[in-house]
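Working notes, structure below.
Below, all heavy atoms of this structure are taken into account, side chains as well, without hydrogens, waters or symmetry copies. One is the number of the first residue; the rest follow in order along the sequence.
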Amino acid sequence: MHSTSQGASQARLGLPNLGMGLGLRTQHLPAILAGGARVDWFEIISENFIDHAGYSAHVLEQLAAQLPIVMHGVSLSIGSASPLNLEYLRKLRELANRVSAVWVSDHICWTGLGSHNSHDLLPLPFHESSLQHLIQRVHQVQDILQRPLVLENPSSYIQFADSTMPEWEFISRLALGTGCGLLLDVNNVYVSAHNHGFDAIDYLRALPHSHIVQLHLAGPTRAGELLIDTHDAPVPTPVWQLYALAQELTGGVATLLEWDANVPDYEDLLAELAKASAVLAGQLPQQAVQQQQGLQFAHPIDFHLPAASQHSHDHLEPA
């Protein structure tokens, strides 16, 4: 085992265990304003708040004064062969400074080529040249952001024939070679393990646990022989089992529940997040993976943010 609770707290890049958090979504702002946050922290999608000064940004400023904020991006395209978007990184740094972001995260993937953004998390081949390419780019991004970058393992549905190492080795060497943090999405591990036939538990045990600063939870959908990372359902039992193991291996890190399609009311999200505390207390929820029913694909970017509403002058009560 790579770490104990004490060792993890000392070695985890100086970043804290924030507790239990939710992704901040615009449709939940009225409920948050009315009843308080009732979580330990929020994760925002960076692209939803870059260059935005409307109602959502106003509420975010109030929340940032009360609760820790973590930024999670989907456009860094760290694995692309195209040059890094320096203007995007400048705006990312400005937003991080404005909301006092505890950390900034994105995905181990590429999202487009040149000026084209696919708005999808595209997989990488896992070999020495792609690893060295990522190591160089992570160093560059961390220099620009002036803080550690935290990177997430995405779910995948294909593998490259020229890969020479398993995903967990690639991610481990990336973290150890750059000092970056890891956002371990245990749902994505479950999805990819099912789709590609590897052992999810072996994956978790092989990672450098002192680099893991955050865990993601979500619910996938079964579509024929594949699992799809839809973020539109309760967390299934196998993912809760991996979550419990990940918390044991790391000694305890921040938990974030993702839900990006068929998004329920805020109260229902709080109830689902509460299951994470129950799992840590040894109570395992029983929930099956849902079958395909008009498959929906999660997308956390709000392309059309709502205008200021009647709540624009309300003030948050302490959670």
Check your understanding: Given the rule in the salt bridge (charged side-chain N to carboxylate O under 4.0 Å, His left out) test, do Glu248 and Arg205 qualify, once you have shown the distances and angles that lead to the verdict?
Key -> CA-CA 10 Å; Glu248 176 187 344; Arg205 292 192 181 278; 5.6 Å; no

Practice item. Could you tell me whether the side chain of Phe170 reaches within less than 4.5 Å of the side chain of Ser130, counting heavy atoms only? Key: yes

Review point. Quick one: do the Asn188 and Glu152 side chains pair a donor with an acceptor below 3.5 Å?
Key: yes

Check your understanding: Could you go step by step and tell me if Ser105 and His72 meet the side chain to side chain donor-acceptor pair (under 3.5 Å) rule?
Key -> CA-CA 5 Å; Ser105 66; His72 188 51; 2.6 Å; yes

Practice item. May I ask you to check whether over 12 heavy atoms, not counting those of Glu225, lie within 6.0 Å of atom CD? Key: no

Review point. Could you go step by step and tell me if Trp259 and Glu272 meet the side chain to side chain donor-acceptor pair (under 3.5 Å) rule?
Key: CA-CA 10 Å; Trp259 205 309; Glu272 184 69 10; over 6 Å; no

Point to revise | Heavy-atom side-chain proximity of Ile212 to Leu182 below 4.5 angstrom | key: yes

Point to revise | Rounded distance [0.5 Å steps], CZ in Phe42 versus CD1 in Ile69 | key: 7.0 Å

Check your understanding: Are any of the side-chain heavy atoms of Gln214 and Trp41 separated by less than 4.5 Å?
Key -> yes

**Study point:** salt_bridge(Glu94, Lys91) N-O dist < 4.0 Å
**Key:** no

**Study point:** Pairwise side-chain contact, Ile78 with Asp106, heavy-atom cut-off 4.5 Å (strictly under)
**Key:** no

Point to revise | Side-chain donor/acceptor of Arg137 to backbone N/O of Ser77, under 3.5 Å | key: yes

Revision key, fill the gap. In this structure, CZ of Arg147 is separated from CG of Leu13 (nearest 0.5 Å) by 13.5 Å

Exercise for review: Hey, can you tell me if Phe198 and Tyr203 have their rings parallel, tilted or perpendicular (30° and 60° cut-offs)?
Suggested key: parallel

Check your understanding: Side chains of Glu43 and His216: donor-acceptor distance under 3.5 Å anywhere?
Key -> yes

Check your understanding: CG of Leu226: more than 12 outside heavy atoms within 6.0 angstrom?
Key -> yes

Check your understanding: Should the ring pair His194 and Tyr190 be called parallel, tilted or perpendicular, given that the plane angle runs from 0 to 90° and is split at 30 and 60?
Key -> tilted

Point to revise | Pair Gln132-Glu128, side-chain donor/acceptor within less than 3.5 Å | key: yes

